[in-house]
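These notes are about the structure you will find just below.
Below, read A as the first sequence line, B as the second, and so on, with proteins coming before strands; counting in each chain starts at 1.
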2 protein chains.
Amino acid sequence: MTARETATPPRRRDAAKTRQLLLDAALQRFTRDGYAATTVRDIADDAGVNVALISRYFKSKEGLFEACLTSSVDEIRRNAEDTPLGRTPEAIARQIARPRTEGLLNHLVLLLRSSGDEGADRIRLGLLRSYGERLAEATGSPPGDDRMLLRAQVVLAAATGIALLRTKSGLEPLASATEEDLVPPLRDLIDALLRDR
Amino acid sequence: MTARETATPPRRRDAAKTRQLLLDAALQRFTRDGYAATTVRDIADDAGVNVALISRYFKSKEGLFEACLTSSVDEIRRNAEDTPLGRTPEAIARQIARPRTEGLLNHLVLLLRSSGDEGADRIRLGLLRSYGERLAEATGSPPGDDRMLLRAQVVLAAATGIALLRTKSGLEPLASATEEDLVPPLRDLIDALLRDR
DNA sequence: ACAGTTAGTAAACAGATGCTGACAATAAAA
DNA sequence: TTTTATTGTCAGCATCTGTTTACTAACTGT
């Protein structure tokens, strides 16, 4: 058969779709390898489109990174509205223990990536702050309770640390622990930190 | 006054000292900015020596990074022999809560930095594994107890997450929490995860 | 069918980056 | 003092990286 036949038929032109392809590829790369270690050509190749389109649709590499952050933040927020944070340590633990590729943890890892850009830092910080507050309030503690907020942020930090070590270090048994393995210790952790006191 | 006078007198030649200057500068940069975001010229400038000396003393940028890792690992190990991990949650918590610039936490952040190099990954993994085991044994659990090892690694992950968020995100009140602020929640965390069960 | 607009590509540029080889300055050895 | 080895500098290389510009191909409305 000729190359003509094997080659994918000339992809239909669709700016929105192409933009999304770039965004998805970038999300994966930035999350896995970090900002500096990812090149725009890597992303474009993954998405199967031309490098120049990054500049067209996102202005610059940093613009693309910011778009990734806001996209990630939006999804977390949307997710949060649908399924408000469980009230019980068990429910929270289960949300954190989800498979690495999906859900919250992946987003948290991206949140830790830094481009050195100020706008990106603001976005990141904004989400971390609001998420910590949500976590603190989920315990039933009154808003403005700094002691509890600190504890909630420690939970947040623990979750990100777990996400990082699980995805990047290959440390066993943590790296390939299943959801069932992970929930009991996490439940204990959350219970100890956030129990009303 | 002339430039001649202001300039530091031609530093006495000393290969060992120069090597150490480079190593120290690299440790700081790699820890703070990560591998990819750090250039050899950054490091050389910080150390106040010529770029070419990196290649001479460490073979390559990756060689320098590996040297940083082993140096960091050695110091952690040495530190561990001097002051064996405290048996009580309180003692462990205190070790983690230390100021960000000194002690264990800084090293843990470096441990998370990746160069993509295989040798570096081995070094990193080796330390994480042994540290997790030490932590598990400190609880008095028998060696080979996988449940407890997982819990110890969760503590380790939590500590790294805290270190990262404290140094890199500026998330308040976590970022500027004092040792006293941090010890109580950490004690609870460690107690919940590692208490003999 | 045609003109105008939009989507996508290719090539190249300017600057950065890791690294090297030839050389100069200093210290050590003879 | 002369010779030799070590330490450090300089300039440049090849490659990579983000971005831009000029161009071609496809879609849209008329």
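- B:N50 meets the side-chain hydrogen bond (donor to acceptor under 3.5 Å, both in side chains) test with no other residue; sequence neighbours excluded.
- Under the salt bridge (Lys or Arg N to Asp or Glu O under 4.0 Å) criterion, A:R19 pairs with no residue at all, not counting sequence neighbours.
- The salt bridge (Lys or Arg N to Asp or Glu O under 4.0 Å) search around B:R113 returns none, not counting sequence neighbours.
- As a whole-Å value, the separation of B:K17 NZ from D:dG8 P is 11 Å.
- Checked against side-chain hydrogen bond (donor to acceptor under 3.5 Å, both in side chains), A:E62 has no partners two or more places apart in sequence or in another chain.
- Salt-bridge formation is detected for the pair B:D188/A:R151: a Lys NZ or Arg NE/NH1/NH2 atom is positioned less than 4.0 Å from an Asp or Glu carboxylate oxygen.
- Pairs passing the side-chain hydrogen bond (donor to acceptor under 3.5 Å, both in side chains) check and including a residue from residues 116-128 of chain B, sequence neighbours excluded, read B:D121-B:R124.
- Every side chain to side chain contact (heavy atoms under 4.5 Å, CB included) that B:E75 has, sequence neighbours left out, goes to B:R78, B:H107.
- Scanning residues 22-39 of chain B for heavy-atom distances under 4.0 Å to DNA chain D yields an empty list.
- Distance CG (B:D14) to C1' (D:dT6): 12 Å, rounded to an integer number of Å.
- If you find the closest nucleotide of DNA chain D to B:A52 and to B:A16, the one lying nearer the 5' end belongs to B:A16.
- The CG atom of B:L21 sits 14 Å away from the P atom of D:dT7 (whole-angstrom rounding).
- Sorted by residue number, the members of residues 53-62 of chain B with any non-hydrogen atom under 4.0 Å from DNA chain D read B:L53, B:R56, B:Y57.
- When the side-chain hydrogen bond (donor to acceptor under 3.5 Å, both in side chains) test is applied to B:S55, no partner is found at least two apart in sequence or on another chain.
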Show each protein N/O and nucleotides 12-14 of chain C N/O combination with a separation under 3.5 Å, one pair to a line.
none

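- Out of D:dG8, C:dG18, D:dC27, the shortest distance to the side chain of A:R13 is found at D:dC27.
- For A:D45 and C:dA10, the CG to P distance is 12 Å, given to the nearest whole Å.
- Put simply, B:T18 has a side-chain N or O that comes within less than 4.0 Å of OP1 or OP2 on D:dG8.
- Here C:dA24 presents its C1' atom at 12 Å from CG of B:N50, a figure rounded to the nearest Å.
- We find that CG of A:D42 is positioned 16 Å from C1' of D:dT19, with the value rounded to whole Å.
- Within the 4.0 angstrom heavy-atom criterion, base atoms lie near A:V51.
- Not counting sequence neighbours, A:D45 has no partner by the side-chain hydrogen bond (donor to acceptor under 3.5 Å, both in side chains) test.
- Residue pairs satisfying the ring-ring contact (aromatic ring centres under 6.0 Å, His included) criterion with at least one member in residues 17-38 of chain B, sequence neighbours excluded, are listed as follows: B:F30-B:Y35, B:F30-B:F65, B:Y35-B:F65.
- For B:E66, the CD atom counts as densely surrounded, since its 6.0 Å shell holds more than 12 non-hydrogen atoms of other residues, nucleotides or ligands.
- Between A:Q20 atom CD and C:dA7 atom P there is a gap of 16 Å when expressed in whole angstrom units.
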